[in-house]
Amino acid sequence: SQTSMRRVIHPSVGPTGPFAAWTANDELVMRTAEGVTSIKYAGQETSQVGNPHVNIGNEIKPLLDKDPSDMLLFASMMVSSRRQRLACTVWPITDGAARWHRGYVTAALAPGRTRVPEPMVWEGVSTIPTAMGEIIQFCEVRSLGTARLFAVTRKPDGTKGLAEWTSAWGDDVLADGTSVPIPWQILTRRLTIGGEYSVSSWGAVYLSLLNIRDKVDIVISARDRMDAEFKVVYTGTVTNPKWGAEGGYADAEMISLGTRFKEFKRPWLQILIQGTGSCIADLAIGGTGSGSPTETSSGKEVCVQPETICQFDPFKRA
């Protein structure tokens with residue numbers, strides 16, 4: 001007998017399971033025990049001492065590290081060439097012979113769609129409606145020359161289902177046609193102005209909401225200490241009165257929060273934006289001297305309970 005010919009890119013890095021990788025032309029993106037990496041990065045680092053490999057999932061490593069290593073065998077990964085998105089399952093669950101995942105993370109491979117490719121950006125963690133089930137694995141189906149991406153799901157009653165990954169911009173639509181607004185949140189990193197050891201001074205704050213469908217509920221909170229609760233600085237609801245009649249998306253007028261962040265004096269500030277409904281949210285913060293516009297927010301002091309923040313339970317279901 002003879003040993004088959006093989007090519008070793010990295011002696012200790014590889015997919016954790018049979019569905020934990022996606023292949024393309026001279027490329028292999030994979031879920032590893034350390035996170036997410038690519039055969040391109042693993043190959044390029046062979047010139048470094050110790051052959052270190054680049055973990056391209058470093059920005060979401062705290063989330064990836066929560067997956068038990070012995071259950072990464074069931075991980076599933078998929079890339080949509082049309083949408084330039086990468087998706088990978090997280091939080092594996094097993095029950096006897098059954099196995100599934102509570103959610104999945106996505107990354108934009110070419111965020112700006114520019115001629116010169118930009119670095120990939122992790123978008124966050126997502127779930128699908130409870131009635132559609134939870135993801136077992138991703139699969140690709142080719143029909144009439146078009147590639148369609150599906151997720152094989154496990155429903156609450158133990159039966160299997162299919163959920164299609166589409167480009168539809170809007171609410172979740174259940175099997176019976178019911179429309180369900182999608183809850184979402186954005187949790188920023190610790191933001192600084194003068195450096196991590198300098199006292200920060202925050203100026204005017206503006207919130208922009210674009211591409212609104214029917215209605216969007218928004219709550220903005222902030223904190224400047226890791227052991228502190230998030231303090232609510234703004235709550236509001238923006239409606240699009242023309243959606244039902246004309247079906248067009250609408251942009252809300254710029255919302256001014258005044259200088260509601262000026263009370264946060266520590267070196268950094270972390271912001272939590274929570275919402276329900278479809279929109280594009282953009283928050284702009286100025287430095288000291290950027291003006292003191294009229295506030296349109298409530299002065300009532302309210303704190304967000306920890307259990308409502310994805311940082312504490314990223315897979316809390318509605």
Notebook entry, point to check: Which atoms form the tightest heavy-atom contact between M77 and A20, and what is the distance?
Noted result: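 Scanning both residues, the minimum pair turns out to be CB-C, 4.1 Å.
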Do [X] and [Y] belong to the same hydrophobic cluster, where Ile, Leu, Val, Met, Phe, Trp and Tyr are linked whenever their side-chain heavy atoms lie under 4.5 Å apart, directly or via other members?
X    : Y    : result
I56  : W22  : yes
L283 : V238 : yes
L73  : W100 : no
V36  : L72  : no
L63  : I128 : yes

May I ask you to say whether [X] pairs ionically with [Y], meaning some side-chain N is under 4.0 Å from a carboxylate O?
X    : Y    : value
D157 : K155 : no
E164 : R148 : yes
R102 : E134 : yes

Checklist line | Worked check of side-chain contact (heavy atoms from CB on, under 4.5 Å) between I271 and F261 | finding: CA-CA 10 Å; I271 302 172; F261 290 159; 3.7 Å; yes
Note to self: Take a 6.0 Å sphere around CG of D227 and say whether it holds more than 12 heavy atoms from other residues, nucleotides or ligands.
What the structure shows: yes
Notebook entry, point to check: For E59, does the CD atom sit with more than 12 other heavy atoms under 6.0 Å from it, leaving out its own atoms?
Noted result: yes
Note to self: Could you go through K215 and T237, starting from their C-alpha distance and side-chain angles, then the distance that decides it, and tell me whether this counts as side-chain contact (heavy atoms from CB on, under 4.5 Å)?
What the structure shows: CA-CA 7 Å; K215 182 179 71 171; T237 299; 3.5 Å; yes
Do the non-hydrogen side-chain atoms of [X] and [Y] ever get within less than 4.5 Å of each other?
X    : Y    : value
Q137 : F19  : yes
T130 : P156 : yes
C88  : S76  : no

Checklist line | Worked check of side-chain hydrogen bond (donor to acceptor under 3.5 Å, both in side chains) between R190 and Q270 | finding: CA-CA 5 Å; R190 290 183 291 183; Q270 188 175 32; over 6 Å; no
Next item on the list: Quick one: sort the Y104 and F138 rings into parallel, tilted or perpendicular, breaks at 30° and 60°.
Entry: perpendicular
Check: Roughly how far, to the nearest 0.5 Å, is the OG1 atom of T239 from the CG atom of D217?
Finding: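 Result: 10.0 Å between the selected atoms.
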Checklist line | Passing option when R31 is tested against T37, D67, T89 for side chain to side chain donor-acceptor pair (under 3.5 Å) | finding: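 Result: among T37, D67, T89, D67 is the only option passing the side chain to side chain donor-acceptor pair (under 3.5 Å) with R31.
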Notebook entry, point to check: Just one of I220, I186, L187, V232 clears the side chain to side chain contact (heavy atoms under 4.5 Å, CB included) bar with L272, so which one?
Noted result: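 It is L187, the one option of I220, I186, L187, V232 that forms the side chain to side chain contact (heavy atoms under 4.5 Å, CB included) with L272.
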Check: Stepwise, does the side-chain contact (heavy atoms from CB on, under 4.5 Å) test hold for I212 with D251?
Finding: CA-CA 6 Å; I212 300 171; D251 298 339; over 6 Å; no
Next item on the list: Would you sort out whether D171 and S179 count as a side-chain hydrogen bond (donor to acceptor under 3.5 Å, both in side chains), showing the intermediate values?
Entry: CA-CA 6 Å; D171 300 335; S179 179; 3.1 Å; yes
